[in-house]
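Contents: one structure, followed by commentary.
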Amino acid sequence: MINIISWNVNSIRARLEHFATLAREINPDVILLQETKVQDIHFPREAIEDLGYNIFIHGEKSYNGVAILSRGPMEDFKKHLPGDEDDIQSRYAECITTIKGRTIRVASVYVPNGTAVKSDRFPYKLKFFERLHAHFNELQAYDEVFIAGGDYNVAPENIDVYSPEQLEGQLGFHIEERKRFRTILTGGIHDSYRTMHPNTQAYSWWDYRSSGWAHNKGMRIDHLLVSSQACDIMTEAGMHPEFRAMERASDHVPIYCKLKA
DNA sequence: ATGGCCGTTACGAACGGA
């Protein structure tokens, strides 16, 4: 079995202990990180290599930052999502890795939050979805086992939030975001969790503010999107909510999907 | 409730997160 994790760590340096717990107890083959919040020169490379991972990082100071960690060899590295040459934020990393003899294309994705629906950063978020759709469409031609995990900052359906009535039109649940996310899920890209669990309510994020965790007011905004070729060999998908209950937790939990080796 | 908490930067208070 091949276990692939996506996790918005909200600072890799602040989350190193929890990361070590994930590596030792869950033992994922591939980990896709978001919000590492660190320049490449300050990434805790040794600590993570000592836990048995090869590292591909794309970071910046203070904000954003993505990484791909793999038990196997990696090649064909990409750091830029096509469609906007002026976009210099560290929100995308992609490579090919080989695990237990199976070659997989993986991507770590950090979709812009958008700040507020009326903010000028909201159109940047919408455009980012459109760029993802265009790029995933290009990749479709390769017929590969492809997995794009990340913080997509959108809950796709009513079942994915604690209160659809309360959140309608709000950031992360606005119809324009959901429409664009839905558009990505056409032509052979699938939401791994929803494919495996059509009717289960489960969240990947709970707000630090308003004691979101204590009241179970969460949203499913982290996703592992998979190509049809990956879907065909997928055996499991789920979340690790126990990571939200820990001291000094990230506001997001690791999400996983498993493939036949 | 345009709030609450958390991490980063830089050393107080602002920014971003969703």
Side-chain angles (χ1 to χ4, degrees), chain A residues 6-20 32-44 47 57-67 87-92 108-129 132 149-181 201-223 239 241 243-255:
Chain A
S6 176
W7 190 18
N8 179 325
V9 285
N10 184 18
S11 170
I12 185 60
R13 289 179 292 185
R15 222 62 62 205
L16 255 189
E17 273 192 42
H18 292 353
F19 179 88
L32 308 166
L33 297 179
Q34 301 87 38
E35 279 210 88
T36 52
K37 290 188 171 179
V38 63
Q39 288 171 286
D40 293 354
I41 48 165
H42 296 130
F43 191 89
I57 47 180
H58 180 199
E60 63 179 87
K61 192 174 183 178
S62 302
Y63 303 116
N64 312 317
V66 288
D87 184 4
I88 53 159
Q89 298 187 19
S90 304
R91 298 182 174 277
Y92 190 81
S108 183
V109 179
Y110 181 41
V111 172
N113 161 289
T115 305
V117 171
K118 290 184 175 171
S119 147
D120 56 4
R121 293 204 189 90
F122 193 66
Y124 169 54
K125 179 178 192 176
L126 299 182
K127 187 177 178 188
F128 199 91
F129 283 122
L132 281 174
D151 176 0
Y152 286 80
N153 266 320
V154 65
E157 305 292 341
N158 286 354
I159 192 176
D160 298 313
V161 299
Y162 62 89
S163 172
E165 297 79 16
Q166 210 173 316
L167 292 170
E168 181 62 47
Q170 302 292 310
L171 197 67
F173 199 58
H174 191 280
I175 192 62
E176 292 302 323
E177 303 169 54
R178 292 157 67 194
K179 279 164 71 173
R180 278 161 184 80
F181 185 76
Q201 187 162 46
Y203 306 137
S204 66
W205 170 86
W206 294 258
D207 205 336
Y208 285 129
R209 297 163 290 192
S210 66
S211 307
W213 173 249
H215 300 119
N216 195 27
K217 288 170 122 182
M219 296 170 73
R220 192 174 71 93
I221 57 175
D222 299 86
H223 310 288
M239 328 297 195
F243 280 79
R244 188 64 179 83
M246 295 173 178
E247 290 293 318
R248 280 170 50 85
S250 169
D251 44 353
H252 299 251
V253 296
I255 63 170

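Just so it is clear: chains get the letters A, B, ... in the order the sequence lines come, proteins before strands, and each one is counted from 1.
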Close side-chain approach of A/Asn216 and A/Tyr203, heavy atoms under 4.5 Å: yes
For the P atoms, the ones on B/dC5 and on B/dC11, what distance do you get once it is rounded to whole angstrom? 24 Å
For A/Arg15, enumerate each residue passing the salt bridge (Lys or Arg N to Asp or Glu O under 4.0 Å) test, keeping only those at least two apart in sequence or located in another chain. none
Winner on side-chain proximity to A/Leu171, out of B/dA18, B/dG16, B/dG17, is B/dA18
Rounded distance in Å between the P positions of B/dT2 and B/dA13: 25 Å
Stepwise, does the ring-ring contact (aromatic ring centres under 6.0 Å, His included) test hold for A/Tyr208 with A/Trp213? CA-CA 8 Å; A/Tyr208 285 129; A/Trp213 173 249; over 10 Å; no
How many Å lie between NE2 on A/His252 and C1' on B/dC6, as a whole number? 12 Å
Choose from B/dA18, B/dG7, B/dT9 the nucleotide whose nearest atom is closest to any side-chain atom of A/Asn153. B/dA18
Mind checking if A/Arg91 touches a base, just sugar-phosphate, or nothing, with heavy atoms under 4.0 Å? sugar-phosphate
Against the side chain of A/Asp151, the closest entry in B/dC6, B/dG16, B/dA18 is B/dA18
Considering only heavy side-chain atoms of A/Lys37, the closest of B/dT9, B/dG16, B/dG17 is B/dG16
Cation-pi check, A/Arg91 to A/Tyr110: give yes when NZ or CZ is under 6.0 Å from the six-membered ring centre and within 45° of the ring axis, no otherwise. yes
Return the set of residues passing ring-ring contact (aromatic ring centres under 6.0 Å, His included) with A/Tyr92 (not counting sequence neighbours), or none when no residue passes. A/His135
When you compare B/dC15 with B/dG4, how far apart are their P atoms, in angstrom units rounded to a whole number? 14 Å
So which of residues 211-219 of chain A are in contact with DNA chain B, with a heavy-atom cut-off of under 4.0 Å? none
Separation of the P atoms in B/dT8 and B/dA18, to the nearest angstrom: 15 Å
